[in-house]
Amino acid sequence: MIVRNLNAIRKTDRNVRSDGWASARMLLKDDGMGFSFHITTMFAGSELKMHYQNHLEAVFVLKGTGTIEDLATGKVHKLEPGVLYALNEHDRHIVRPETDILTACAFNPPVTGKEVHDASGAYPADAELVREPAPAD
């Protein structure tokens, strides 16, 4: 059994910060669960362009508001507590938080915990590779 405390995780190297977001990685690849689980905050006023080419992600909004734009269709969806979005087709997207947005996220395959987005908005395919944060656009 694995039992972890969010406040404790936020004081360790499992709490990863980058431009526009911070992610407390509660479960990682080395936990052997087959997915990783994160509590992520996306900060108000940021514009987060992402494209997880190597991972599937499900995101459940716990607090806050904003939008997510599907870059393939141009469709914009409202984000608010109770909304889930799943990037089941490696969807290119932009999240625009109006307020800080607190989310619970699951990744498959699991991440190692050190990943940050590369220039394309993806995490590396080999979860053991760690890349430097992409420069701000």
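- Residues forming a side-chain hydrogen bond (donor to acceptor under 3.5 Å, both in side chains) with T41 (at least two apart in sequence, or on another chain): none.
- With H93 contributing its side chain and L71 its backbone, the two residues share no donor-acceptor pair below 3.5 Å.
- Both V83 and M42 are members of a single hydrophobic cluster when ILVMFWY side chains are connected at heavy-atom separations under 4.5 Å.
- Judged by distance alone, with hydrogens and angles left aside, the side-chain atoms of H38 form no donor-acceptor pair with the main-chain N or O of A106 at under 3.5 Å.
- Here the CD-CG distance, from E57 to N88, works out to 12.0 Å after rounding to the nearest 0.5 Å.
- The shortest heavy-atom contact between L79 and I101 is CD1-CD1, 4.3 Å.
- Looking at every heavy atom in both residues, S46 comes nearest to G20 through OG-O, 3.7 Å.
- For R4, the salt bridge (Lys or Arg N to Asp or Glu O under 4.0 Å) partners at least two apart in sequence or on another chain are D31.
- Annotation: salt bridge (charged side-chain N to carboxylate O under 4.0 Å, His left out) contacts involving residues 72-95, sequence neighbours excluded, comprise K78-E98.
- Contact record, G34 with P110: O-CD, 3.6 Å, taken as the closest heavy-atom pair.
- Contacts of E69 classified as side-chain hydrogen bond (donor to acceptor under 3.5 Å, both in side chains), with partners at least two apart in sequence or in another chain: R96.
- For the salt bridge (charged side-chain N to carboxylate O under 4.0 Å, His left out) condition, no pair includes a residue of residues 99-111, sequence neighbours left out.
- In this structure, C105 and T40 approach most closely via the heavy-atom pair SG-OG1, 3.9 Å.
- The shortest distance between side-chain heavy atoms of M50 and W21 does not fall below 4.5 Å.
- Proximity of T112 to L28: side-chain heavy atoms (C-beta onward) are nowhere separated by under 4.5 Å.
- Under a 4.5 Å side-chain heavy-atom cut-off, the cluster of Ile, Leu, Val, Met, Phe, Trp and Tyr residues that includes L62 is completed by I2, L6, I9, M26, L27, M33, F35, F37, I39, F60, L84, L102.
- Checking T12 against R10 by side-chain atom types alone, no donor-acceptor pair falls below 3.5 Å.
- Aromatic ring orientation, F107 versus Y52: perpendicular (interplanar angle above 60°, classes split at 30° and 60°).
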Verdict with reasoning, R25 to V16, per side-chain contact (heavy atoms from CB on, under 4.5 Å): CA-CA 8 Å; R25 276 101 189 253; V16 177; 3.6 Å; yes

Derivation of the side-chain contact (heavy atoms from CB on, under 4.5 Å) call for H55 and V111: CA-CA 9 Å; H55 296 83; V111 301; 3.9 Å; yes

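- Here the closest heavy-atom approach between residue L48 and residue D19 is recorded as CD2-O, 3.6 Å.
- By the side-chain hydrogen bond (donor to acceptor under 3.5 Å, both in side chains) test, T103 is found to be paired with no residue, residues two or more places apart in sequence or in another chain being considered.
- Residues passing the salt bridge (Lys or Arg N to Asp or Glu O under 4.0 Å) test with D30 are R14, sequence neighbours excluded.
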